[in-house]
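One structure is given below, encoded as structure tokens.
Every heavy atom of this structure was used, including side-chain atoms; hydrogens, water molecules and symmetry mates were not. All residue numbers refer to positions in the sequence shown, counting from 1.
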Amino acid sequence: MANFSKSNVPRFSVDVYQNEYLPEGGREVNAIVTVTSTGGGTTGGVPLAGASSTPSALPGHSPNAAVVIMVDCSGSMDYPPTKMRNARDATAAAVDTLRDGVAFAIVGGTHVAKEVFPGNGRLAIADRQTRAQAKEALRRLSAGGGTAIGTWLRLADRLLSTADVPIRHGILLTDGRNEHEAPEDLKAALDSCAGRFTCDARGVGTDWEVKEVTAIASALLGTADIVADPAGLAADFTSMMENAMGKEIADVALRLWTPVGVEIAFVKQVAPTVEELTGRRTEAGPRAGDYPTGSWGDESRDYHLCVRVPEAGIGQEMLAARVSLILPASGGGAPEVLSQGLVRAVWTDDMAASTSINPQVAHYTGQAELAQVIQQGLDARKSGDFDGATAKLGRAVQLAASSGNADTAKLLSKVVDVVDAATGTVRLKAKVADADEMTLETRSTKTVRVKK
């Protein structure tokens with residue numbers, strides 16, 4: 001493990017867990033990389049290198065974050081009428097959670113996106129007065145129109161781009177399907193926004209499409225969840241905003257350098273959620289590539305790397321990969337290495353050593369499979385393939401039980417009757433509430449961390 005720190009950024013550490021021993025002819029090397037951000041996880045209110053306050057910042061304030069809240073105002077938000085009221089109250093609660101000096105705006109989303117506050121293509125700076133003004137503007141929100149989420153995201157991007165701050169974040173709430181724009185329009189909007197801001201997405205009620213909401217969060221490196229009962233929105237929005245306010249460093253990249261002859265099989269985040277990163281690589285010099293990790297506060301995440309090395313003889317060893325945490329420099333300078341760790345390969349004829357599976361690797365391989373079989377099982381159930389659904393969801397129950405993922409096990413028990421968790425023997429429930437099925441699907445990628 002290596003650890004580097006400067007006073008203006010949190011301290012990052014990298015720990016590598018692997019079985020470095022391969023049998024003769026062995027080529028596949030797996031490692032779990034734990035990345036931890038500490039030291040308060042904050043800059044103590046000091047702007048990061050290269051960051052400056054927004055021109056409209058209050059005297060004495062150097063905001064390091066900008067947030068846009070996107071609220072669904074489509075016609076369906078009026079059914080029941082309490083839904084719109086809960087959404088207004090939740091947004092007001094989020095506004096109250098903003099730190100003084102943070103730039104913010106509120107967008108109302110229908111088949112078009114409208115600025116609710118402050119308007120005129122700008123952001124407000126959070127203080128007592130602007131919070132009160134924002135909450136007054138929220139009282140005028142009403143439901144009517146369709147749903148075109150891509151337009152909401154593009155407006156949020158335009159607003160956030162006016163802030164010269166390191167942390168740009170969105171919160172998006174929808175209650176329905178994205179019916180008033182083509183799927184490719186939403187994807188194009190996500191592609192254009194990726195890397196420009198992060199976004200947490202929430203579906204309220206049960207009439208929205210899980211894969212749309214989770215795709216938004218995945219593309220923009222945020223979280224996705226269901227709020228089945230609109231009465232729970234205020235608590236959820238407050239929690240989301242508190243989490244956003246805890247982020248102090250953005251655009252951290254996981255840089256993977258590999259020697260000549262080494263192939264990268266995959267790179268994925270495996271805790272706190274499973275997130276495929278392999279296809280998000282951007283080249284960063286000879287044999288090096290960067291994978292985005294988004295914004296960080298006080299937290300720890302786990303990543304699973306799998307590389308294929310050239311064959312070598314017994315007793316040979318090599319560096320299979322070097323993993324670094326990189327903070328891009330402003331103004332085109334050299335990036336800062338925050339921390340790094342090494343992945344090794346050693347060839348041995350010791351059968352016990354070469355066949356041993358590292359416990360962290362085994363655990364997260366199972367967690368990634370758990371997320372996959374839940375999705376496959378629910379898709380099979382929706383398509384009427386009940387035998388396939390039973391097999392996949394039975395395997396999910398088995399994996400959840402063996403890994404100690406109690407939260408997922410509880411969600412699975414709402415969809416299947418568990419006969420024997422250890423063997424994955426289950427029966428599909430005849431009737432499943434929409435909220436229970438959607439909650440399982442939305443939270444299927446949440447993992448439990450290995451006990452180290």
Side-chain angles (χ1 to χ4, degrees), residues 1-5 9-22 27-39 41 221 249-259 262-282 284-285 287-309 317-328 335-346 356-371 403 445-452:
M1 178 189 82
N3 184 42
F4 305 88
S5 175
V9 296
R11 290 191 296 275
F12 280 83
S13 64
V14 168
D15 291 286
V16 176
Y17 301 90
Q18 67 162 134
N19 176 18
E20 60 202 37
Y21 294 103
L22 297 176
R27 294 192 58 207
E28 187 169 281
V29 179
N30 286 274
I32 298 299
V33 177
T34 296
V35 178
T36 305
S37 168
T38 55
L221 298 174
I249 185 168
D251 300 327
V252 176
L254 193 74
R255 177 166 294 178
L256 194 58
W257 178 90
T258 51
V262 174
E263 304 165 9
I264 297 169
F266 63 77
V267 179
K268 63 177 73 170
Q269 178 184 285
V270 288
T273 59
V274 177
E275 192 64 61
E276 182 62 58
L277 299 176
T278 312
R280 303 189 188 191
R281 176 186 174 104
T282 56
R287 301 192 304 281
D290 287 351
Y291 301 85
T293 69
S295 304
W296 288 75
D298 248 347
E299 59 189 297
S300 183
R301 305 179 199 167
D302 292 331
Y303 299 86
H304 186 172
L305 315 179
C306 179
V307 299
R308 296 188 185 98
V309 295
E317 62 178 273
M318 70 174 290
L319 175 64
R322 182 173 65 237
V323 185
S324 305
L325 265 291
I326 300 294
L327 182 63
E336 181 181 348
V337 179
L338 301 172
S339 187
Q340 66 180 28
L342 305 177
V343 180
R344 300 172 65 237
V346 180
S356 173
I357 300 176
N358 176 269
Q360 280 83 2
V361 172
H363 175 84
Y364 285 122
T365 300
Q367 292 288 285
E369 185 189 353
L370 172 60
S403 65
T445 59
K446 291 189 177 181
T447 55
V448 61
R449 302 198 74 178
V450 67
K451 295 180 178 66
K452 300 188 175 102

Task: Intermediate values then yes/no, side-chain contact (heavy atoms from CB on, under 4.5 Å), Val14 and Tyr303 - done: CA-CA 10 Å; Val14 168; Tyr303 299 86; over 6 Å; no
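- No donor-acceptor distance shorter than 3.5 angstrom exists from the side chain of Asp302 to the backbone of Ala271, with no hydrogens or angles considered.
- Distance check: Leu305 CG to Tyr291 OH gives 8.5 Å after rounding to the nearest 0.5 Å.
- Glu276 and Thr278 are linked by a side-chain donor-acceptor pair at a separation below 3.5 angstrom, with hydrogens and angles left out of the test.
- With Gln18 contributing its side chain and Arg344 its backbone, the two residues share a donor-acceptor pair below 3.5 Å.
- Partners of Glu263 under the side chain to side chain donor-acceptor pair (under 3.5 Å) rule, at least two apart in sequence or in another chain, do not exist in this structure.
- A heavy-atom distance below 4.5 Å is found between the side chains of Leu342 and Leu319.
- Side-chain contact between Pro335 and Arg255 is present, with heavy atoms from C-beta onward closer than 4.5 Å.
- No side-chain donor from either of Thr445 and Thr273 sits under 3.5 Å from a side-chain acceptor of the other.
- Residues Glu20 and Val29 have side chains not in contact (no heavy-atom distance under 4.5 Å, counting atoms from C-beta outward).
- Atom-to-atom distance recorded for Ile326:CD1 and Thr293:OG1 is 11.0 Å, nearest 0.5 angstrom.
- Checking side-chain atoms of Ser324 against main-chain N and O of Val337 turns up no donor-acceptor pair under 3.5 Å.
- Other residues, nucleotides and ligands contribute at most 12 non-hydrogen atoms within 6.0 Å of the CD1 atom of Ile357.
- A donor-acceptor pair is defined here as one N or O able to donate and one able to accept, closer than 3.5 Å; such a pair exists between the side chain of His363 and the backbone of Val448.
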